[in-house]
> 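Attaching a single structure in structure tokens format; questions to follow.
All values below come from the heavy atoms of this structure, side chains included, with hydrogens, waters and symmetry mates left out.
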Amino acid sequence: MLSKHLAAAEFATALIATPAFAQAPKSSDNAPAAQSASSSNVWQGSKFIGLNVYNNENDKIGDIKDLMLNKDGKVDLVVIGVGGFLGVGERDVAIKWSDMKWVNEPVRSSSSTSSGSASRPSSTTGANTTSSSSSSSSGPRTYPDHAVYNASKDQLKAMPQFDYNK
């Protein structure tokens, strides 16, 4: 009796595994070419979170907290965290995507302020990078270096706080 059950189990296993062996691998002749972000002229959305935002005077006014999409899937608003210190007292404000300017080059420090230029990082993204040479040698960047919005810190603090629930 046990041998009948074992034989039935082996037969069922063979039947289940047969279709997997019967599938032929797809030929690479019809395979589409690999796509890349730089060749498609698109940016990585995940790299925008934490991106620093500066005003026209190269003063850091905040960093990007979130991107809000409209029903068509296009970015409509950029949520920026402004004010506060180390996240305490910070508030989020929403800026229209079309009002933002995206810059690929690092922020230029003014030559008149010597103390401010020494503390400014070479890369203005919010993320810590251990080696900036490895990221630049791997090819073109698929995200901007920083954003520019023409407003002072006080003007941003006066804007209404963005509510995610409405």
> Using 30° and 60° as the class limits, which term best fits the ring planes of Phe48 and Trp102: parallel, tilted or perpendicular?
perpendicular

> Over all heavy atoms of both residues, which pair between Lys60 and Lys153 is shortest? Give the atoms and the distance, please.
O-CE, 2.9 Å

> Would you call Asp66 and Phe162 a side-chain contact if the rule is heavy atoms closer than 4.5 Å?
no

> Which heavy-atom pair separates Arg91 from Gln161 by the least distance, and what is that distance?
NH2-N, 2.9 Å

> So does Glu57 get a backbone contact from the side chain of Asn55, meaning a donor-acceptor N/O pair under 3.5 Å?
yes

> In the structure I gave you, are the side-chain heavy atoms of Ile61 and Ile80 within less than 4.5 Å of one another anywhere?
no

> Linking I/L/V/M/F/W/Y whenever any side-chain heavy atoms sit under 4.5 Å apart, do Val82 and Leu67 land together?
yes

> Going by heavy atoms in the side chains, are Met100 and Val53 under 4.5 Å from each other?
yes

> Taking Asn52 as the fixed residue, which of Val148, Ile64, Asp63 is the one that meets the side-chain contact (heavy atoms from CB on, under 4.5 Å) rule?
Asp63

> What I'd like to find out is whether the side chain of Val103 reaches to under 4.5 Å of the side chain of His146, using heavy atoms alone.
yes

> So, for Lys65 and Asp92, which heavy atoms are closest and what is the spacing to 0.1 Å?
CG-OD1, 3.7 Å

> Considering the options Ile95, Val93, Asn56, which one meets the side-chain contact (heavy atoms from CB on, under 4.5 Å) requirement together with Tyr149?
Ile95

> Does Met68 reach the side chain of Tyr164, with side-chain heavy atoms less than 4.5 Å apart?
yes

